[in-house]
2 protein chains.
Amino acid sequence: MNTLAEENYLKAIYHLSLNDVNVSTNQIAAALNTKAASVTDMLKKLADKELINYEKYQGVTLTYTGEKIALHIIRKHRLWEYFLVEKLHFKWDEVHEMAEEMEHISSVELIDRLDKFMDYPKHDPHGDPIPDRDGNFKKHELTPIASLNVNESGVISGVRDHSPTFLQYLEKQQLVIGKKIKVTDIIEYDNSMILQVENITTHISREVAKNLLIAI
Amino acid sequence: MNTLAEENYLKAIYHLSLNDVNVSTNQIAAALNTKAASVTDMLKKLADKELINYEKYQGVTLTYTGEKIALHIIRKHRLWEYFLVEKLHFKWDEVHEMAEEMEHISSVELIDRLDKFMDYPKHDPHGDPIPDRDGNFKKHELTPIASLNVNESGVISGVRDHSPTFLQYLEKQQLVIGKKIKVTDIIEYDNSMILQVENITTHISREVAKNLLIAI
DNA sequence: ATTTATTTTTAGACAAGTCTAAATTTTTTG
DNA sequence: CAAAAAATTTAGACTTGTCTAAAAATAAAT
Ligand SMILES: [Mn+2]
Ligand SMILES: [Mn+2]
Ligand SMILES: [Mn+2]
Ligand SMILES: [Mn+2]
């Protein structure tokens with residue numbers, strides 16, 4: 001159907017589209033660790049297949065079909081991540097690279113059965129929503145802890161940075177999905193925040209606060 | 001590490017090596033649905049990497065390293081087949097094509113945990129042995145039902161033909177792994193065989209008898 | 001509104017893997 | 001054992017996806 005490279009481009013374009021309506025050649029190149037010239041070549045191919053809308057120098061958007069394909073790959077990625085954590089007991093910082101390979105397994109029946117096997121999980125280990133087989137999902141409105149004021153609270157529900165180092169740090173601080181937190185103080189000097197995480201008090205930098213998301 | 005194409009060649013050579021010490025270019029081409037010229041190109045590459053012993057016009061054998069890699073791919077293939085049947089409830093004739101893709105997922109830790117998750121199965125859904133992480137397995141000595149005489153019996157433990165049509169036929173006749181069978185008669189005219197499978201009497205052709213394996 | 005800087009595209013090349021057609025080697029056979 | 005047949009390798013070409021370097025277009029800045 002589509003090659004591995006094409007799938008990776010579609011997925012990257014989808015993710016970049018969440019921040020910008022039109023996605024630029026250079027953004028894609030950066031996301032895929034490749035060069036702008038290579039991206040241009042691929043954009044032509046994807047446009048020929050009518051998976052993206054592409055006008056020279058103007059950046060791209062996904063077509064309806066392109067978005068469906070991207071969402072299906074993301075569905076597979078997140079279901080496999082859930083499987084790896086819930087069934088094989090990997091930690092949340094260990095699964096992304098494996099899922100990058102597994103998301104390209106083509107069988108639709110397989111992924112639907114995997115979904116059922118795990119009882120239709122709604123979110124992956126990082127709190128990201130898992131699209132259903134039609135590509136639909138509820139996008140939960142999350143805010144960074146950084147946007148809270150003193151005495152406000154919420155439940156940790158997602159991360160903005162998926163890097164293993166960040167995830168490992170969070171785990172060590174017990175700042176994991178589902179934990180209820182409350183901002184008890186904000187240090188004026190560097191805007192760092194003091195959190196109450198259940199019984200524990202934790203001090204996090206502004207940087208961390210920006211990348212840790214909560215539902216209020 | 002190795003490309004998808006290289007892995008498929010190594011696996012094909014391994015399987016063909018079970019029947020012939022030296023594997024020929026044409027045999028590999030047939031097994032992989034490709035052309036002899038393409039095979040020659042790849043054999044040079046695999047020889048450069050010291051994964052096969054190759055002398056022009058003489059056919060190939062796997063090196064120690066080449067065989068280890070082949071066995072690791074086969075381990076992954078069979079563990080995923082087991083997973084698909086035992087956990088996702090696919091039928092034994094449905095899983096091979098999916099496993100052809102899944103066998104290339106690279107993580108060793110993943111496959112070891114999958115192995116543990118399923119409690120270290122020894123055979124895949126078709127009765128083929130699953131190598132352990134070091135590539136070791138007990139090769140069970142199986143014989144085709146065709147080699148039995150009247151009144152001899154055994155337990156169905158493997159198949160020589162893995163095609164969906166054959167597997168579907170066997171399932172319909174209840175001739176599945178683990179069933180005890182006894183040869184009650186052999187028809188002289190066409191060498192077909194009458195079997196007692198638990199309470200049922202079944203009549204199978206010589207062709208089927210040759211491709212259905214039992215442990216005695 | 002030009003000039004400069006940045007982004008994007010084009011041109012040309014390369015590696016992997018495949019193919020067809022032709023040349024070579026091995027095997028078979030009369 | 002020489003001629004024919006079969007198997008294998010080489011030569012040259014093509015596709016996919018990538019790259020560098022140069023050209024063209026767009027955006028930013030004086
Ligand atoms: Mn991920
Ligand atoms: Mn995730
Ligand atoms: Mn199989
Ligand atoms: Mn099998």
Side-chain angles (χ1 to χ4, degrees), chain A residues 1-17 19-62 66 69-70 73 100-101 103-104 106, chain B residues 1-17 19-62 66 69-70 73 100-101 103-104 106:
Chain A
M1 178 70 201
N2 299 299
T3 66
L4 193 137
E6 286 166 354
E7 293 196 344
N8 284 333
Y9 274 86
L10 291 174
K11 185 166 62 107
I13 294 166
Y14 177 87
H15 285 309
L16 292 166
S17 296
N19 297 320
D20 306 85
V21 210
N22 270 46
V23 178
S24 76
T25 302
N26 266 356
Q27 282 179 300
I28 300 169
L32 293 175
N33 254 301
T34 183
K35 295 298 151 72
S38 309
V39 173
T40 300
D41 285 346
M42 182 58 93
L43 294 184
K44 286 178 190 165
K45 206 189 306 179
L46 293 174
D48 282 349
K49 291 183 137 192
E50 298 187 57
L51 301 177
I52 61 172
N53 306 112
Y54 172 53
E55 273 182 284
K56 270 193 196 174
Y57 296 101
Q58 301 310 129
V60 298
T61 59
L62 291 173
I69 295 171
I73 299 160
E100 286 288 302
E101 291 182 53
E103 71 190 6
H104 300 290
S106 61
Chain B
M1 177 72 199
N2 300 299
T3 67
L4 193 138
E6 286 167 353
E7 291 195 346
N8 284 334
Y9 273 87
L10 290 174
K11 185 166 64 109
I13 294 166
Y14 177 87
H15 285 310
L16 293 166
S17 295
N19 298 319
D20 308 85
V21 207
N22 269 44
V23 178
S24 78
T25 302
N26 268 355
Q27 283 179 300
I28 299 168
L32 293 176
N33 255 299
T34 184
K35 296 297 151 69
S38 310
V39 174
T40 301
D41 284 346
M42 181 60 91
L43 295 184
K44 285 178 190 163
K45 205 189 306 181
L46 293 173
D48 281 349
K49 290 182 136 193
E50 298 188 58
L51 300 177
I52 61 173
N53 306 112
Y54 172 53
E55 274 181 285
K56 270 193 197 175
Y57 296 100
Q58 301 311 130
V60 297
T61 58
L62 290 174
I69 294 171
I73 299 160
E100 286 288 303
E101 292 182 51
E103 73 192 3
H104 301 289
S106 62

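Remember, it's a predicted structure, so these values are computed and weren't measured experimentally. First the proteins, then the strands, lettered A, B, ... as listed; each starts at 1.
- Both A:T3 and A:Q58 lie close to DNA chain D; mapped to their nearest nucleotides by heavy-atom distance, the more 5′-ward contact belongs to A:T3.
- Among the atoms of the strands shown, base atoms are found under 4.0 Å from some heavy atom of B:A36.
- Proximity of B:S24 to the phosphate of D:dT8: a side-chain N or O atom is located under 4.0 Å from OP1 or OP2.
- One interatomic measurement links the two molecules: CG of A:N8 to C1' of D:dT16, which rounds to 14 Å at whole-angstrom precision.
- Phosphate contact (OP1/OP2 of D:dT18, side-chain N/O of A:Y9, threshold under 4.0 Å): present.
- For the residue pair B:L32 and B:N8, the shortest heavy atom distance occurs at CD2-O, 3.8 Å.
- In this entry the distance linking CD of B:E6 with P of C:dA16 reads 9 Å, nearest Å.
- Of the candidates C:dC19, D:dT20, C:dT9, the closest approach to any side-chain atom of A:K35 belongs to D:dT20.
- Listed nucleotides: D:dC19, D:dT8, C:dT9. Nearest to the side chain of B:T25: D:dT8.
- Comparing D:dT18, C:dT10, D:dT9 by their nearest atom to the side chain of A:T34 picks out D:dT18.
- Computed from coordinates, the B:Q27 CD to D:dA6 C1' distance equals 14 Å when rounded to whole Å.
- Residue B:A37 is in base contact, counting any heavy-atom pair closer than 4.0 Å across all strands shown.
- Look at CG on A:N22: it is 11 Å from P on C:dT8, rounded to the nearest Å.
- In this structure, CE of A:M42 is placed 8 Å from C1' of D:dT16, rounded to the nearest angstrom.
- Proximity of a side-chain donor or acceptor of A:E101 to a complementary backbone N or O of B:S106 within less than 3.5 Å is detected.
- For B:D41 and D:dT8, the CG to C1' distance is 12 Å, given to the nearest whole Å.
- Of all heavy-atom pairs between A:A31 and A:A12, the closest is CB-CB, 4.4 Å.
- Side-chain N or O atoms of B:N22 include one that pairs as donor or acceptor with a backbone N or O of B:Q58 at under 3.5 Å.
- At C:dT8, one or more side-chain N or O atoms of A:N26 fall inside 4.0 Å of OP1 or OP2 (strictly under the cut-off).
- Atom pair B:L46:CG and C:dA16:C1' shows a separation of 13 Å (rounding to whole Å applied).
- Relative to the side chain of A:K56, the nucleotides D:dT20, D:dT9, C:dT9 differ in distance, and C:dT9 lies closest.
- Within the model, atoms CD1 of A:I28 and CG of A:L46 stand 8.5 Å from one another, a figure rounded to the nearest 0.5 Å.
- Atom pair A:E55:CD and D:dA25:P shows a separation of 15 Å (rounding to whole Å applied).
- When distances run from any side-chain atom of B:Y57 to the nucleotides D:dT26, D:dT8, C:dA16, the shortest one goes to D:dT8.
- Checking D:dT18, D:dT20, D:dT26 against the side-chain heavy atoms of A:S38 singles out D:dT18 as nearest.
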